[in-house]
Amino acid sequence: MAFDYDLLVIGAGSGGLAASKRAASYGAKVAIVENDLVGGTCVLRGCIPKKLMVYASRFSHLFQDAVGYGWEKVGPKFDWKYLISAVDKEVRRLSDRHISNLEKAGVDLISGRGVLVDSHTVAVGEKKITADKILISVGSKPVKLPIPGIEHVWTSRDMFGLSEQPKRLAVVGGGYIGVEFAGIMNGLGTQVTEIIRRDYILRGFDGDVRRELQEGMTRNGISVYSNTTVEKIEKSNGGLQLTLAGEKAGTLEVDGVLYAVGRKPNLENLGLENAGVEVKNDAIAVNAYSQTSQPNIFAVGDCTDRANLTPVAIDEGRAFVDTEFAGKPRHTNYDNIPTAVFGDPEACSVGYTQEGAIEELGEDRVAIHRARFKPLYHNLTGAEERVVLKLVVNKENDRVLGAHAVGKDAAEIIQGVAVAVTMGATKKDFDATMALHPSTAEEFVTM
Ligand code: NDP
């Protein structure tokens, strides 16, 4: 049977864009369907605008730090509307760039919402498009909890479009988004209270990272309410009143509330049932090659809820295309994925946490190397900020299983360390590497 396309991709986010362009480069006839701007969460309302806002927020530290280096103290004013509009402009520029890249690659862009009609057909409005293979890369969306007053809250998506900067913000959730937005808004001058249901933020991260980052955030002016949950949210005079339960039981008055309690795959009205695509735990079920229960339909990225990170979605998309369109079967390797939390301070990790390594190998077989110090930069600023670097090592074969860092430039440091960890470097290899002095990163080879 002749199809309109060899590959039809639903969703022009990181995974879908990467897959469609690579398939076209192999000579496949490809179309991609999108009902929003092109770019997906990362470009439009995630990594990119978030990182731009992180940069904006860090100037507040720099203005203060500069005084220790002889610069006159200044009383800078921040213009929220300007930032929001500058970020929006940049996001739109990037989205346009993605459209021209699709054109250059020879991929047809179809605007509208794609709905599966059967295993080879996708409806976009009135139009029906057929394809030999279909890739679903529709991403995820924020979860909202069913508590009274939830209609008053913002999600991360709303934060990029607020017309006014809130003076007081409550952030609910201690994951990536909660920690990052708490840092951004605090740095921009908002009074931030982060409400988490456990002792520490970032469950699943190394214990030292969780503690150091949370202490650093508190030092930088963020109030962290541990072991606390929100029972209800009501409108109050000009703002919102939160009723809290747990360690900080009582009420909290704020101007806005950001909910960042996780994301879930965007699967509503996608017609998965029409095409026999199975869903498991609210996500599209796939095998290692991103193949769904329907052999010609594949899915990558957040909608499969594996490792929900942009570089992973891109690799999943390309691996699918290499396998299906180039005869080079491969699948994504989920070991040693480096990850950063662009909070204030910043934290990053690759490989095993101390807790994870001990659970797998037993305490006797795990060695921990840890350095905690004041970075040279702060010797003149007077700030109390500390850097923590940590290596988790398998005592039996000396292999470095994990590396973690909290503090200035942590994310920039860990990418290089991730290469060594991925290659199976030993602690001896780290020790045999000449230090780059003076730097923060050198502690990884001197501790
Ligand atoms: P996360 O899953 O990272 O964190 C969710 C947070 O909400 C956790 O602290 C969780 O607590 C808490 N939570 C969950 N349910 C409840 C509840 N019922 N009541 C109170 N608290 C609750 O989700 P995010 O929304 O922060 O981020 C979503 C995803 O986006 C991440 O998993 C990540 O993949 C991606 N992302 C990556 C970034 C990066 O790489 N820098 C940046 C931003 C997002 P508990 O731990 O107790 O479950």
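Quantities reported herein were computed from a predicted structural model and do not represent experimental measurements. Hydrogens, waters and symmetry mates are skipped; everything else that's a heavy atom, side chains included, is used. When a ligand or atom number is given, it counts from 1 through the structure's own listing order. Sequence positions, counted from 1, serve as the residue numbers for this chain.
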From [atom], work out which of [options] has a heavy atom at the shortest distance.
atom	options	value
atom 3 (O) of ligand 1	Tyr200, Phe205, Tyr176	Tyr176
atom 45 (P) of ligand 1	Arg198, Glu194, Glu346	Arg198
atom 2 (O) of ligand 1	Gly262, Ser156, Cys47, Gly175	Gly262
atom 24 (P) of ligand 1	Asp302, Thr339, Ile177	Ile177

Would Glu316 and Arg306 pass as an ion pair if we require N to O under 4.0 Å?
yes

So, does Ile196 sit close enough to ligand 1 that a heavy atom of it is under 4.0 Å from the ligand?
no

Under 4.0 Å, counting heavy atoms only: does Thr229 come that close to any atom of ligand 1?
no

With respect to Gly174, determine whether any N or O atom, backbone or side chain, lies less than 3.5 Å from an N or O atom of ligand 1.
yes

Heteroatom proximity flag, Val341 to ligand 1, N/O under 3.5 Å
no

Applying side-chain contact (heavy atoms from CB on, under 4.5 Å) to Ile136 and Ile297, what does each step give before you reach the verdict?
CA-CA 8 Å; Ile136 306 171; Ile297 301 186; 3.7 Å; yes

Are the aromatic rings of Phe181 and Tyr259 close, with centres under 6.0 Å apart?
no

Determine, using ring centers only, whether Phe205 and Tyr176 are less than 6.0 Å apart.
yes

I'd like to check Ile284 versus Leu267 (side-chain heavy atoms, cut-off strictly below 4.5 Å). Are they in contact?
yes

So do the side chains of Arg93 and Glu90 get within less than 4.5 Å of each other, counting heavy atoms only?
yes

Tell me whether the rings of Trp80 and Phe78 are parallel (<30°), tilted (30 to 60°) or perpendicular (>60°).
perpendicular

Using the six-membered ring wherever Trp is involved, compare the ring planes of Phe298 and Phe320 and label them parallel, tilted or perpendicular (cut-offs 30° and 60°).
tilted

Mark up the atoms of ligand 1 that fall under 4.0 Å of a heavy atom belonging to [X], in ascending order.
X	result
Leu309	37 (C), 40 (O)
Leu145	17 (C), 18 (N), 19 (N)
Lys50	41 (N), 42 (C)
Ala260	5 (C), 6 (C), 7 (O), 25 (O)

So for atom OH, which belongs to Tyr334, do other residues, nucleotides or ligands contribute more than 12 heavy atoms lying within a distance under 6.0 Å?
yes

Tell me whether the count of non-hydrogen atoms from other residues, nucleotides or ligands lying under 6.0 Å of CZ in Arg330 goes above 12.
yes

In the protein, what heavy atom is nearest to [atom], and what distance, to one decimal place, separates them?
atom	value
atom 30 (O) of ligand 1	Arg263 CD, 3.9 Å
atom 42 (C) of ligand 1	Glu180 OE1, 3.2 Å
atom 20 (C) of ligand 1	Arg197 CD, 3.6 Å
atom 41 (N) of ligand 1	Ala340 O, 2.8 Å
atom 7 (O) of ligand 1	Val261 CA, 3.1 Å
atom 34 (O) of ligand 1	Asn308 O, 2.7 Å
atom 46 (O) of ligand 1	Arg203 NE, 2.8 Å

Just by distance, no angles: are the side chains of Asp199 and Asn227 close enough, under 3.5 Å, to form a donor-acceptor pair?
yes

Region of Pro142 that comes within reach of ligand 1 [heavy atoms, distance under 4.0 Å]
neither

Among Val393, Val350, Val392, find the residue that satisfies the side-chain contact (heavy atoms from CB on, under 4.5 Å) test when tested with Val400.
Val393

